[in-house]
Amino acid sequence: MRISSKLNLLVLLAVVLALGPFAVYSLKRSSDGALNEAKSEFRLIGNMALNVLQEGYLSYVSEQVQAVGAHKDRLRNANVFTQKLTVDMAKLPAEAYGQILAGQLSQWENLGITMIRVDKNGRLVGSQTKEWTIEELSFLNWPTVKTGHTLVEKTRSGNVPPDGEVVVIEGAGAQNGQDRVDLLALLRPEQNLDTFVVSFSNLSDVRRQSDVSASSIVRQLSDRLSEVTLPPGASAALINPGREILTSIGEVPDLTPLTDAALGRSAREGPLEFSIDYPQGTILVRLEHFRPLDWYFALFVPQSIVTNPVKRLATRLAFFALLGAAAAYLLSAGFGRKLSGPIAALAKRAQEAAGLDFSSPEAEAFFSPKGAPGAMGGKPPGLGQKRPTEEIGILSDSIDSMGQTIVSNVKDLISVNKESVGLGALDAPAPERPSEEIGLLSHSFDLMGRTIVKNVKDLLLANKARERLDGELAAARSIQMGILPAPGEKSPIEALDLAFVLEPAKEVGGDLFDCFTAADGRSALIIGDVSGKGVPAALFMSMTVTLIRDALLEGRLTAGQAMTRVNKHLTTHNPSSMFVTLFVGLWDPLTGELEYANGGHCQPLIVGPKGLRLLTALSGPIVGVMDELEYETFKDALDPLETTLLYTDGVTEAQDLGGFFFGQERLNKVALEAALEGPKALNDKVISEIKSFRGEAAPYDDVCLLAFRAAQSPPG
């Protein structure tokens, strides 16, 4: 087979081997790229929707707090006035006293406040403004919000503060077929009497305002969704747990396949991405849960939007691949015929040279520039006026020269880099551009060498700048970690067996924790998570840690008071509008009681021989946003064998390469498995499980753990 035919087949095979994998790879990349682009648009729209819901929810919470606060103030004012009236009129005859008191109670009822007097068993006593039925008094036996105890249970126990206790009763009367009624009640014991005054007002206006606020949130989201341009056939909807559509954009498909299991999984683990097969085709779904209002935001995109462009691309690639193969074959046929002539002549001359006696004068004449007078009759045909060895020699010399120049310049650069980086060979003028083809190739190699030298110098400069930045970040990390308790085998609080872990996602981060003995002798246990990452979050974190320590070391404050003080300072000095989720715990080593306040932070886990439970009470929203907030204090009795785990959302929101979350359910399972082994073993188990779950994925957020339990006495 002639060399031209072999060259044609080789070129054709090379084109097929190059275009085939390239076409398959391009289709795969295009398919993956289209899917990732769709998912990216999903996430952007979902994040936008959640941001709108979060903004509306903050206003929603603020309005509720203000409305309930106004009711609470009216109740207390009315109660104080009536209590003073009772003391002032105590010496009057019973009939006159009763008439005056009944008149006053009637006036309060005109203002929406009703007062009754009951004994410790919840039976009416004394003067009333109306006759009460059993159904009307059934609210006395309804559980109150937060505590779950009824007013009758509280009166029987006698565990009511002298100045009274304000409680909220939700849904009173709804179980009896009546309209739902929400009440705010103030229960106050009467001095030196075994009776109580119950003052209450209807919170229907608060609920109506809540419904209006919720509708306003929906309208805000609807307005933002109207500004979004979705692909043809795509849609988005805000739904409640019953899969009722609150607002939507586009034609939303049938929500029946959206099962309760999918909704529950989204509520537990975070955003879900999956597909649903409909008769009209497969639809990609992204589902996100908005926990505060128990709503779900769902996005629906037909899979055909992703696959159809890829199919069209496959058709085009196949056409151009065939066209390219045909063109390559024709070009190679032409060039093969042109190149095979000189190669054949060179091969014939090499055969003649192989039969020469190199010691004879004929050999000298054969290799002379004028050619040999033998069979060739001069220079070989097709080789032009210059022998091939002359062009190859120029190319070889150019490559050698380029290599020597590059090696010399790199050595110079390495030695110069110890002090500074200069221009070196770049200062020399560029060589003159030759005219012949091989000379042009040599000239190109010279320019390439100069470019390589310049790139090496730029790289050295960039490395020096990077080394300076790495040094500064390392110093910042060392300073940040120095603010927090140093890790060690011995617990910093003798009465506690505790362990802590902090792993920033970057060189520095915004997660914080602290443990020390407060001014009143209790053990302070702090954990928090600053919004954002990097140096700004680290600075805000250090300010938060300092404020907490100052608050708990200066005076005898409750956990809620300390959080309130920190919130006021952070709000006042917060030009960047950053915030922190914060948990402040004060553990009493004498009683085992944990007093705590939770400002929008993850619910702590408590695990022990009896299983797992959560500290679900929330003292208020995030810290550092609203300076007038008063954070509530809660208490919980810890069993000596129970281990408490405080953590940041970097634990439950750790992601693997597929974008799936570690989740609360997985954390609960790990805690149950390792809790009895002690705080350090618990932390080690959680960190190990997170790294195993994350795999090759880079950390997305800081991870912080603080586990503790009462120090165990040695056996015997």
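All residue numbers refer to positions in the sequence shown, counting from 1.
Shown here for A518 and L586, the closest heavy-atom pair between the two residues is CB-CD2, 4.2 Å. Nearest heavy atoms, S523 versus I493: OG-CG2, 3.3 Å. When all heavy atoms of A710 and W587 are compared, the pair lying nearest together is CB-CZ2, 3.9 Å. Contact detail for G624 and L570: the closest heavy-atom pair is CA-CB, 4.0 Å. Counting all heavy atoms, side chain and backbone alike, A559 lies closest to V584 at CB-O, 3.6 Å. In terms of heavy-atom proximity, I113 sits nearest to A78 at CD1-CB, 4.0 Å.
For the salt bridge (Lys or Arg N to Asp or Glu O under 4.0 Å) condition, no pair includes a residue of residues 73-83, sequence neighbours left out.
The backbone N or O of R123 sits nowhere less than 3.5 Å from a side-chain atom of N121 that would complete a donor-acceptor pair. At distances below 3.5 Å, at least one donor-acceptor pair connects side-chain atoms of N567 with backbone N or O atoms of M626. Of the possible donor and acceptor atoms, one in the side chain of Q561 sits under 3.5 Å from a partner among the backbone N and O of T558. A donor-acceptor distance shorter than 3.5 angstrom exists from the side chain of T633 to the backbone of G560, with no hydrogens or angles considered. Between the T564 side chain and the Y631 main chain, a donor and an acceptor come within less than 3.5 Å of each other. Not one N or O on the side chain of D588 forms a donor-acceptor pair closer than 3.5 Å with the backbone of G592. A donor-acceptor distance shorter than 3.5 angstrom exists from the side chain of T648 to the backbone of C704, with no hydrogens or angles considered. Remark: the backbone N or O of T571 is not paired with any side-chain donor or acceptor of D627 at under 3.5 angstrom. Counting only distance, with no hydrogens or angles, the side chain of R666 and the backbone of F662 share a donor-acceptor pair below 3.5 Å.
Under 3.5 Å, the side chains of H289 and D294 contain a donor-acceptor pair of N or O atoms.
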Donor-acceptor pairs are to be reported for all side-chain atoms of residues 612-620 against protein atoms at under 3.5 Å, with residues two or more places apart or in another chain.
| from | atom 1 | to | atom 2 | distance (Å) |
| --- | --- | --- | --- | --- |
| R613 | NE | E642 | OE2 | 3.3 |
| R613 | NH1 | D636 | OD1 | 3.1 |
| R613 | NH1 | D636 | OD2 | 3.0 |
| R613 | NH2 | D636 | OD1 | 2.9 |
| R613 | NH2 | A637 | O | 3.3 |
| R613 | NH2 | E642 | OE1 | 3.1 |
| S619 | OG | N598 | N | 2.9 |
| S619 | OG | E632 | O | 2.6 |

Any chance you could lay out the ring-ring contact (aromatic ring centres under 6.0 Å, His included) test for Y296 and F290, step after step, and finish with the verdict?
CA-CA 6 Å; Y296 297 83; F290 185 66; over 10 Å; no

side-chain hydrogen bond (donor to acceptor under 3.5 Å, both in side chains) between Q664 and T652, intermediate numbers included:
CA-CA 6 Å; Q664 185 69 47; T652 54; 5.0 Å; no

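Annotation: side chain of V167 is not in contact with side chain of V145 (no heavy-atom distance under 4.5 Å).
For R522, the salt bridge (Lys or Arg N to Asp or Glu O under 4.0 Å) partners two or more places apart in sequence, or in a different chain, are D520, E595. For R243, the salt bridge (Lys or Arg N to Asp or Glu O under 4.0 Å) test picks out D260, with sequence neighbours left out. The side chain to side chain contact (heavy atoms under 4.5 Å, CB included) search around I548 returns I526, T544, L552, V566, L582, not counting sequence neighbours. Residues passing the side chain to side chain donor-acceptor pair (under 3.5 Å) test with T144 are T147, sequence neighbours excluded. With sequence neighbours excluded, the residues satisfying salt bridge (Lys or Arg N to Asp or Glu O under 4.0 Å) with E165 are K154. For the side chain to side chain contact (heavy atoms under 4.5 Å, CB included) test, residues two or more places apart in sequence or in another chain that qualify with E677 are A681. Not counting sequence neighbours, the partners of K685 by the salt bridge (Lys or Arg N to Asp or Glu O under 4.0 Å) test are E689. Partners of F196 according to the side chain to side chain contact (heavy atoms under 4.5 Å, CB included) rule, which considers only residues two or more places apart in sequence or in another chain, are V118, K120, T155, V160, L187, P189. Residues meeting the ring pair (Phe, Tyr, Trp, His ring centres under 6.0 Å) test with F200, sequence neighbours left out: F139. Take C602 and apply the side chain to side chain contact (heavy atoms under 4.5 Å, CB included) test, not counting sequence neighbours, and it matches Y647, D649.
F583 contributes atom CZ, which lies 8.0 Å from atom OG1 of T644 (distance to the nearest 0.5 angstrom).
The existence of a salt bridge linking R188 and D163 is excluded, since no basic side-chain nitrogen approaches an acidic carboxylate oxygen closer than 4.0 Å. Ionic pairing of E554 and R549 is not present here: no N-O contact between side-chain nitrogen and carboxylate oxygen is shorter than 4.0 angstrom.
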